[in-house]
Amino acid sequence: MSSHSDLLAAQIQAAISRAIERGDLIGTVPESIPLERPKNRDHGDYASSIALQLAKPAGKNPRDVAQMLKADLESLAEVSAVNIAGPGFINITLNRASQADLVRTILTAQESYGRGTALAGVKINLEFISANPTGPLHLGHTRWAAVGDALGRVLTAAGADVTREFYINDRGNQMDLFGQSVQAAALGQPIPEDGYKGEYIADLAIEVLAQNPAITALADEMRLIEFREAAYQLQLKDQQRVLDTFNTHFDVWFSERSLHDGGSVEHGVEKLRLQGHVFEVDGATWLRTTDFGDDKDRVLVKANGDLTYFSSDTAYYINKRERGFDICIYMLGADHHGYIHRLKATAACAGDNPEYNIDVLIGQLVKIMEGGEEVKLSKRAGTIITLEELVEKVGVDAARYTLIRYPVDTPMVMDIDILKRNTNENPVYYVQYAHARIAAVLRNAAELKIPAGLENFDPAQLSHDRENELLGSLAEFPRIVAGAAELREPHRIARYLEELAGVYHGFYADCRVLPMGDEPVLAIHSARINLCAATLQVLKNGLDLLGVSAPERM
RNA sequence: GUCCCCGUAGCUCAGUGGAUAGAGCAACCGCCUCCUAAGCGGUAGGUCGCAGGUUCAACUCCCGCCGGGGACACCA
């Protein structure tokens with residue numbers, strides 16, 4: 001699907017090429033042409049700073065360079081005016097009818113409008129949340145649940161083949177403590193000092209006993225294992241159920257145990273050894289990650305023969321690559337930022353390109369406010385907020401939207417009271433309201449039997465400034481999706497939707513869509529109905545990328 | 001000590017090297033006898049932490065400092 005920006009960029013490249021042939025310019029044709037939507041409407045529909053870049057190497061005045069390219073742009077049927085402004089910006093105004101043809105593009109493409117091919121053929125493993133199955137998912141996991149899921153949708157829209165993966169940390173001390181805690185609760189014994197003390201432990205104990213009343217009669221060792229395994233399965237199922245209600249779905253639930261049972265860890269160490277980065281000191285086996293920018297080397301196998309967590313991590317990475325993933329994305333909490341260097345170094349040690357094959361996103365903390373005060377989160381005090389509680393308080397849409405709306409590398413504050421409000425303070429409603437509002441207009445249009453449908457669409461009717469502005473915003477959507485995928489920043493979708501909703505509301509205030517009273521039905525009404533339908537489609541496509549509903553009525 | 005993130009309007013925050021730095025809230029002033037007022041329009045509010053550098057152009061990139069938050073293991 002060729003857009004106006006692609007067309008203009010191609011034409012500018014052709015113009016530069018001709019100017020070089022004429023001898024007016026020296027140098028080569030740039031591979032990419034800067035084209036942006038100017039913030040100021042007076043600067044046209046598109047603006048390019050290409051002349052400013054070309055001027056210096058060519059030894060020319062930027063305005064003169066712009067002048068050389070002007071005629072070629074003006075010759076395009078889609079372009080109505082080209083102006084040279086300021087130091088040498090080329091401001092391009094599109095022919096209104098040609099721009100309005102975008103409505104046809106959107107209504108034909110429907111849910112595929114916005115999709116692209118930038119990541120076509122790329123297999124991506126997207127790992128997020130990856131909680132221990134030893135308790136409910138809490139606020140920290142919730143940010144990843146929302147952002148990770150949205151990122152998965154965005155990457156898919158960019159053409160990638162995405163697998164969403166949840167790494168279950170089902171091995172090690174924490175699991176044993178978890179099992180001991182549930183058993184103690186079931187037997188009425190005190191919970192171990194370092195054990196898990198939340199109320200859910202008692203609930204799990206009751207459930208395990210109900211499932212298997214004979215468990216208490218088992219020998220000590222066997223009984224503990226049974227408690228641990230039964231509670232693990234129950235807790236995992238609970239996490240899966242909660243994520244399901246949160247509209248977050250995984251393709252693969254990857255058990256850490258399966259790595260060990262399948263010999264993948266040994267295989268991973270062996271593979272790294274073959275690459276020549278493994279060495280032995282003091283009886284332990286190390287990976288020389290300092291070869292690739294880590295600040296210290298890492299132990300794979302302890303002197304006592306135990307495998308470290310790091311060995312699991314490296315084995316897991318190698319396992320992912322052997323499953324055919326080109327890019328492994330890790331979404332980790334701020335406390336894991338030290339992992340970036342060692343994961344990248346691991347990739348390098350395995351012979352991969354750490355700049356391409358591995359991508360680590362670090363998320364900052366979420367603070368939560370309620371009743372004007374910060375809610376202090378403490379596992380000990382039992383004041384952790386779970387994903388489920390958050391959803392009960394504010395609903396799936398508000399929770400997801402708010403968590404996705406901010407870049408993950410900045411700390412964010414969630415104000416529960418605001419999220420319960422149905423006002424402008426709560427951006428999700430602003431966007432959803434625009435969708436519902438359009439849906440209402442379209443319902444009314446159908447009732448009035450106004451000819452809608454593309455066969456009644458005359459793009460030349462759309463000449464109002466508000467219509468032009470709305471068309472401009474709609475045209476941006478594919479670029480926004482591509483940018484969000486490339487930069488792994490789904491919040492760009494949310495910000496864009498807020499802008500689009502605002503532009504629509506402005507259009508709605510100034511441009512009457514349906515005929516007033518006894519007014520005759522004109523071509524402008526049909527044209528605006530189609531414009532509304534196109535806007536509805538883009539809002540819906542955008543909300544879908546965030547996993548937020550697009551209500552027909554509010 | 002080393003490393004990561006942050007510092008933009010009174011508050012919460014956007015801003016991929018471009019023109020006059022934006023939004024919502026809070027403050028003030030307007031707009032519903034006709035399509036959803038959960039909306040729209042306007043006023044006011046800024047040394048983009050400080051100081052250098054790169055560039056035709058810096059909130060944006062680089063260096064240094066100040067301030068805030070977080071992380072360092074043969075733990076898991």
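Numbers restart at 1 for each chain; the letters A, B, ... are given by sequence-line order, proteins then strands.
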[X] stacking on [N]: centroids under 5.5 Å, ring planes under 30°?
X	N	value
A:Y508	B:rC40	no
A:H337	B:rA71	no
A:Y309	B:rA76	yes

So which nucleotide does [N] pair with, by the Watson-Crick or G-U wobble rule with both distances under 3.5 Å?
N	answer
B:rG22	B:rC13
B:rG39	B:rC31
B:rG1	B:rC72
B:rA58	none
B:rU47	none
B:rG7	B:rC66

For [X], report the nucleic acid contact type (base, sugar-phosphate, nothing); a contact means any heavy atom under 4.0 Å.
X	answer
A:D306	nothing
A:V281	base
A:C511	base
A:F310	nothing
A:H505	sugar-phosphate
A:R528	nothing
A:P407	sugar-phosphate
A:S49	base
A:D295	nothing
A:R405	nothing
A:H491	sugar-phosphate
A:A85	base
A:A55	nothing
A:E552	base

Next on the checklist: I'd like to check A:L54 versus A:P30 (side-chain heavy atoms, cut-off strictly below 4.5 Å). Are they in contact?
Outcome noted: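 The answer is yes, as the side chains (C-beta and beyond) meet within the 4.5 Å cut-off.
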Checklist entry - Aromatic ring centroids of A:Y433 and A:H505 under 6.0 Å? => result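 Yes: the rings meet the under 6.0 Å criterion.
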Is [X] near enough to [N] that one of its side-chain N or O atoms lies under 4.0 angstrom from OP1 or OP2?
X	N	answer
A:R492	B:rU16	yes
A:R466	B:rC40	no
A:R495	B:rC13	no

Checklist entry - Would you find more than 12 non-hydrogen atoms of other residues, nucleotides or ligands less than 6.0 Å from A:E519 atom CD? => result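 More than 12 heavy atoms, drawn from other residues, nucleotides or ligands, come within 6.0 Å of this atom.
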Nucleotide of [options] approaching [X] most closely (side-chain heavy atoms):
X	options	answer
A:N444	B:rG41, B:rC35, B:rC74	B:rC35
A:A47	B:rA19, B:rC74, B:rC5	B:rA19
A:L52	B:rG39, B:rG18, B:rC72	B:rG18
A:Y429	B:rA38, B:rG18, B:rA37	B:rA38
A:F89	B:rG18, B:rC74, B:rA14	B:rG18
A:K39	B:rC34, B:rG18, B:rA19	B:rA19

Next on the checklist: So, applying side chain to side chain contact (heavy atoms under 4.5 Å, CB included) with A:I529, which one of A:I524, A:N444, A:V513 is it?
Outcome noted: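 So, applying the side chain to side chain contact (heavy atoms under 4.5 Å, CB included) to A:I529 and each of A:I524, A:N444, A:V513, only A:V513 qualifies.
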Atom pair distance, as rounded to whole Å: [atom1] in [X] and [atom2] in [N]:
X	N	atom1	atom2	value
A:H435	B:rG39	NE2	C1'	17 Å
A:N426	B:rC13	CG	C1'	15 Å
A:R512	B:rC31	CZ	C1'	16 Å
A:L332	B:rA71	CG	C1'	13 Å
A:K344	B:rC4	NZ	C1'	14 Å
A:K302	B:rC75	NZ	C1'	7 Å
A:W286	B:rC74	CH2	C1'	7 Å
A:E36	B:rG17	CD	P	11 Å

Distance, [atom1] atom - from [M] to [N], rounded to whole angstrom:
N	M	atom1	answer
B:rA37	B:rG69	C1'	41 Å
B:rA21	B:rA9	P	14 Å
B:rG24	B:rA44	P	16 Å
B:rC32	B:rG39	C1'	10 Å
B:rC61	B:rA57	C1'	13 Å
B:rG49	B:rC59	P	10 Å
B:rC40	B:rC3	C1'	49 Å
B:rC6	B:rA14	C1'	15 Å

Indicate, yes or no, whether a donor-acceptor pair under 3.5 Å links the base of [N] to the side chain of [X].
X	N	value
A:Y339	B:rA76	yes
A:H341	B:rC3	no
A:N91	B:rA19	yes

Next on the checklist: Nearest 0.5 angstrom please: A:D194 CG to A:I191 CD1, how far?
Outcome noted: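 Here the interatomic distance stands at 12.0 Å.
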Checklist entry - Just checking, any donor-acceptor pair under 3.5 angstrom between side chains of A:S526 and A:N456? => result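 Looking only at side-chain atoms, A:N456 and A:S526 do not form any donor-acceptor pair under 3.5 Å.
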Item to check | Short side-chain donor-acceptor distance under 3.5 Å, A:T134 and A:Q174 | outcome: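 Checked: A:Q174/A:T134 side chains show no N/O donor-acceptor pair below 3.5 Å.
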Next on the checklist: Against the six-membered ring of A:Y508, is A:R437 placed for a cation-pi contact (under 6.0 Å from the centre, within 45° of the normal)?
Outcome noted: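 Yes.
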Item to check | Lys NZ or Arg CZ of A:R342 over A:Y339 ring: under 6.0 Å, within 45° | outcome: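 Relative to the ring axis of A:Y339, which defines the angle, A:R342 lies inside both limits.
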Item to check | Chi angles and distances behind the salt bridge (charged side-chain N to carboxylate O under 4.0 Å, His left out) call for A:E552, A:K540 | outcome: CA-CA 10 Å; A:E552 297 285 319; A:K540 182 172 189 322; over 6 Å; no
Checklist entry - Does B:rC32 fall in syn (glycosidic angle within 90° of 0) or anti? => result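 Chi for B:rC32 falls in the syn range.
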